Amino acid sequence: MSKHVIAVYPGTFDPMTLGHEDVVRRAAQLFDTVIVAVAAGHHKKTLFSLEERIEMVRESVKPYPQVQVESFSGLVRDFVVAKGGKAMVRGLRAVTDFDYEFQLAGMNRTLMPDVETVFLTPGDKYQFISSTFVREIATLGGEVEKFVSPYVLRCLLAKVGRAG
């Protein structure tokens, strides 16, 4: 009997980068359903509203029919459990991410013993991309088209007041 495995990929996605998209692509190859869970971001000041971030993520994951996009607030644990998730996907860029993510995975294992944390690394060309860097570069007038999809680029340039 085959089991339908649901994975949740939580994040702020402010904005969605090509690195995030690569992690989604990799997760979609491993799981029956991937839910990209866009955090309301109560703990972070976001450049984009929740609705804008959801729209950017939806546009970015269109090629993957088994990927759904939903928002959540509160503990990611409650969202994962409510959705019947068996795995939580986390993207790892570098060793600096690992320490934090390892601690988070340990905490999540205590909170959700039945849910595995799966670390996926984006391809080499996406290893250094972070939403924070993309926001800062765009805000300061730098070029970010190598880091985000054309749709996200248009949203980003409009948000920071530059013509696309």
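What you see is a predicted model; the values in this text were computed from it and never measured.
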Side-chain heavy-atom pair Y126, T17 within 4.5 angstrom cut-off: no
Joint cluster assignment, V23 & V76, ILVMFWY side-chain distance < 4.5 Å: no
Within-4.5 Å side-chain heavy-atom neighbours: Q127 and T121: yes
Rounded distance (nearest 0.5 Å) linking atom CD of E143 with atom CG of L157: 10.5 Å
Cluster check I129, Y9: I/L/V/M/F/W/Y, side chain < 4.5 angstrom: yes
Any donor-acceptor pair under 3.5 Å from R109 side chain to E116 backbone: no
From CA spacing to verdict: side chain to side chain contact (heavy atoms under 4.5 Å, CB included), I6, H4: CA-CA 7 Å; I6 298 170; H4 186 90; 3.8 Å; yes
Backbone of E52 reached by a side-chain donor or acceptor of S49 within 3.5 Å: yes
Sequence neighbours excluded - salt bridge (charged side-chain N to carboxylate O under 4.0 Å, His left out) pairs with any residue from residues 54-71: E59-K62, E70-K83
Hydrophobic cluster membership, M107 vs F102, 4.5 Å side-chain cutoff: no
Heavy atoms of other groups near F128 CZ, more than 12 under 6.0 Å: yes
Side chain to side chain contact (heavy atoms under 4.5 Å, CB included) assessment of R135 paired with V144: CA-CA 9 Å; R135 282 194 314 272; V144 292; over 6 Å; no
Side chain to side chain, K86 and V115, heavy atoms closer than 4.5 Å: no
Sub-4.5 Å side-chain heavy-atom contact between R25 and P63: no
Option passing side-chain contact (heavy atoms from CB on, under 4.5 Å) with L120 (candidates L30, D22, L92): L30
Shared hydrophobic cluster for V148 and Y64 (ILVMFWY, side-chain gaps under 4.5 Å): yes
4.5 Å side-chain heavy-atom contact, V89 and V8: no
Distance (rounded to the nearest 0.5 Å) between E101 CD and N108 CG: 9.0 Å
Any P15 side-chain heavy atom under 4.5 Å of R53 side chain: no
ILVMFWY network linking V118 to V61, side-chain heavy atoms under 4.5 angstrom: yes
V24 side chain reached by V36 side chain, heavy atoms, under 4.5 Å: yes
Distance (rounded to the nearest 0.5 Å) between Q29 CD and Q66 CD: 9.0 Å
Stepwise side chain to side chain contact (heavy atoms under 4.5 Å, CB included) test for M112 and M88: CA-CA 10 Å; M112 309 177 285; M88 185 156 49; 3.7 Å; yes
Side chain to side chain contact (heavy atoms under 4.5 Å, CB included) between S60 and H20, intermediate numbers included: CA-CA 9 Å; S60 300; H20 293 132; over 6 Å; no
Interatomic distance, F13 atom CZ to E21 atom CD [nearest 0.5 angstrom]: 10.5 Å
Non-hydrogen side-chain atoms of Q68 and V34 separated by less than 4.5 Å: no
